[in-house]
Amino acid sequence: MTVTKGRRQRHPQAPSQKSDRRRYRAKRAIFAVCLMLLAAALAALGTWQVERLAWKRDLIARVDQRVHAAPVPAPARADWNKVNATDGEYRRVTAAGTLANDKETLVYASTALGPGYWVMAPLSLADGTSILINRGFVPTERRDPASRPEGEVSGPVEITGLMRMTEPKGSLLQSNDVAADRWYSRDVAAIAEKRGIGTIAPYFIDADATANPGGLPVGGLTVIDFPNNHLVYAITWYGLAAMVLALLVFILRGERATA
């Protein structure tokens with residue numbers, strides 16, 4: 001007796017099943033494309049952070065060089081239009097003139113010495129212009145100039161310090177209240193207008209640690225700190241991109257297995 005093996009017949013899928021399968025594959029394809037785009041975007045963010053890392057390292061190197069360089073004369077009126085943060089911030093400069101102590105302005109400060117105020121006073125120059133000088137820090141209980149008369153220097157002086165850019169409007173948390181004479185940032189133009197200073201440089205100078213008579217104000221407290229977390233951010237973005245690509249590979253393999 002001969003036994004004939006028959007071939008198993010495949011039953012054709014119903015139209016609704018075929019349609020559901022096509023929709024399912026289309027959704028998976030769209031999801032895969034979205035993952036590819038997301039991975040590309042994350043990788044681009046990682047590359048951007050690498051570029052920012054190079055920029056930040058260059059900035060830190062340039063500022064460090066300026067801070068330790070020999071001082072140069074502060075930009076004169078003819079060069080004020082060329083002053084900018086990229087070329088001038090934290091450059092060591094000198095300026096000679098007379099301090100107008102009667103136009104002193106106190107700006108709230110939080111320093112390594114505790115809370116208090118920056119003493120901002122215009123330095124009157126020989127050409128009739130002025131430069132706002134951050135003479136340094138005084139604690140709250142010594143904010144009144146009468147409590148530190150020795151530090152109210154009269155006569156010609158020479159100031160050496162770091163060139164800083166104006167800080168308009170206020171700090172991140174507090175806006176300057178010009179009418180009430182409450183200051184949270186060194187806004188050169190607003191302070192000059194409030195005190196009637198006249199023609200003033202568009203920058204100010206943080207005085208160095210040269211001691212003032214009587215010990216106040218205390219200069220040389222400029223904080224130079226540039227957070228540099230770009231490498232960590234780059235690794236994070238690239239890591240996320242790799243995770244998305246791994247998910248994409250998993251989906252594509254699953255698609256082949258069910259094909």
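Since this is a predicted model, take the numbers as computed values, not measurements.
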Hey, does W118 have a side-chain heavy atom less than 4.5 Å from the side chain of D206? no
Given 3.5 Å as the limit, does a donor-acceptor pair link the side chain of R186 with the main chain of E167, or not? no
Minimal non-hydrogen separation, S130 against P122, with atom names: CB-CB, 4.4 Å
Minimal non-hydrogen separation, A146 against P149, with atom names: O-CD, 3.4 Å
Please name the pair of heavy atoms, one in I200 and one in A192, separated by the smallest distance, quoted to 0.1 Å. CG2-CB, 3.7 Å
Side-chain donor/acceptor of D79 to backbone N/O of R77, under 3.5 Å: no
Would you please name every residue forming a side chain to side chain donor-acceptor pair (under 3.5 Å) with R148, sequence neighbours left out? E104, E152
Contact check, side chains of V63 and E89, non-hydrogen atoms, under 4.5 Å: no
Is a donor from one side chain sitting under 3.5 angstrom from an acceptor on the other, for D187 and S185? no
Can you tell if the side chain of D58 reaches within under 4.5 Å of the side chain of W55, non-hydrogen atoms only? no
Separation of L59 CG from Y90 OH (nearest 0.5 Å): 9.0 Å
Which heavy atom of T86 sits nearest a heavy atom of R62, and at what distance? O-NH1, 3.4 Å
Do the side chain of R135 and the main chain of G151 share a donor and acceptor less than 3.5 angstrom apart? yes
Can you tell me how far CG of D225 sits from CD1 of I60, rounded to the nearest 0.5 angstrom? 8.5 Å
Nonpolar side-chain network containing V93, other nodes, edges under 4.5 Å: V72, W80, V83, L99, L123, L125, I131, I133, V153, V157, I159, M163, M165, Y203, I205
Rounded distance [0.5 Å steps], CG in L231 versus CD1 in I235: 4.0 Å
Say whether M243 and F31 are linked into one hydrophobic cluster, either directly or through other cluster members, by side-chain heavy-atom distances under 4.5 angstrom. yes
When you measure from the centre of the six-membered ring of Y117, is the NZ or CZ of R143 under 6.0 Å away and within 45° of the axis? yes
Parallel, tilted or perpendicular, judged at 30° and 60°: which one describes the rings of Y108 and Y184? tilted
For residues V33 and L37, determine if any side-chain heavy atom of one lies less than 4.5 Å from a side-chain heavy atom of the other. yes
Identify whether L162 and L113 are in the same connected component of the hydrophobic contact network (ILVMFWY, side-chain heavy atoms under 4.5 Å). no
Which pair of non-hydrogen atoms, one from I224 and one from V67, has the smallest distance, and what is that distance? CD1-CG2, 3.4 Å
T166 side chain to V188 main-chain N or O, any donor-acceptor pair under 3.5 Å? yes
Is K103 close to I197 at the side-chain level, that is, under 4.5 Å between some pair of heavy atoms? yes
Checking the side chain of N176 only, and the main-chain atoms of V178 only, is there a donor and an acceptor separated by less than 3.5 Å? no
Run the side-chain contact (heavy atoms from CB on, under 4.5 Å) check on W183 and K194 step by step: do they pass? CA-CA 11 Å; W183 303 89; K194 179 69 175 180; 4.0 Å; yes
Please answer whether the main-chain N or O of F204 pairs with a side-chain N or O of R164 as donor and acceptor at a distance below 3.5 Å. no
Throw together a table of side-chain donor-acceptor distances under 3.5 angstrom for residues 45-54, partners on residues two or more places apart or in other chains.
| from | atom 1 | to | atom 2 | distance (Å) |
| --- | --- | --- | --- | --- |
| T47 | OG1 | A43 | O | 3.1 |
| T47 | OG1 | Y238 | OH | 2.9 |
| Q49 | OE1 | H230 | ND1 | 2.8 |

What is the minimum heavy-atom distance between A39 and A241, and which atoms define it? O-CB, 3.7 Å
Salt-bridge contact D181-R195 (side-chain N to carboxylate O under 4.0 Å): yes
Compare all side-chain heavy atoms of P145 with those of V119 and state whether any distance is below 4.5 angstrom. no
Atom CD of Q65: over 12 foreign heavy atoms under 6.0 Å: no
Working to the nearest 0.5 angstrom, can you tell me the gap between F137 CZ and S110 OG? 8.0 Å
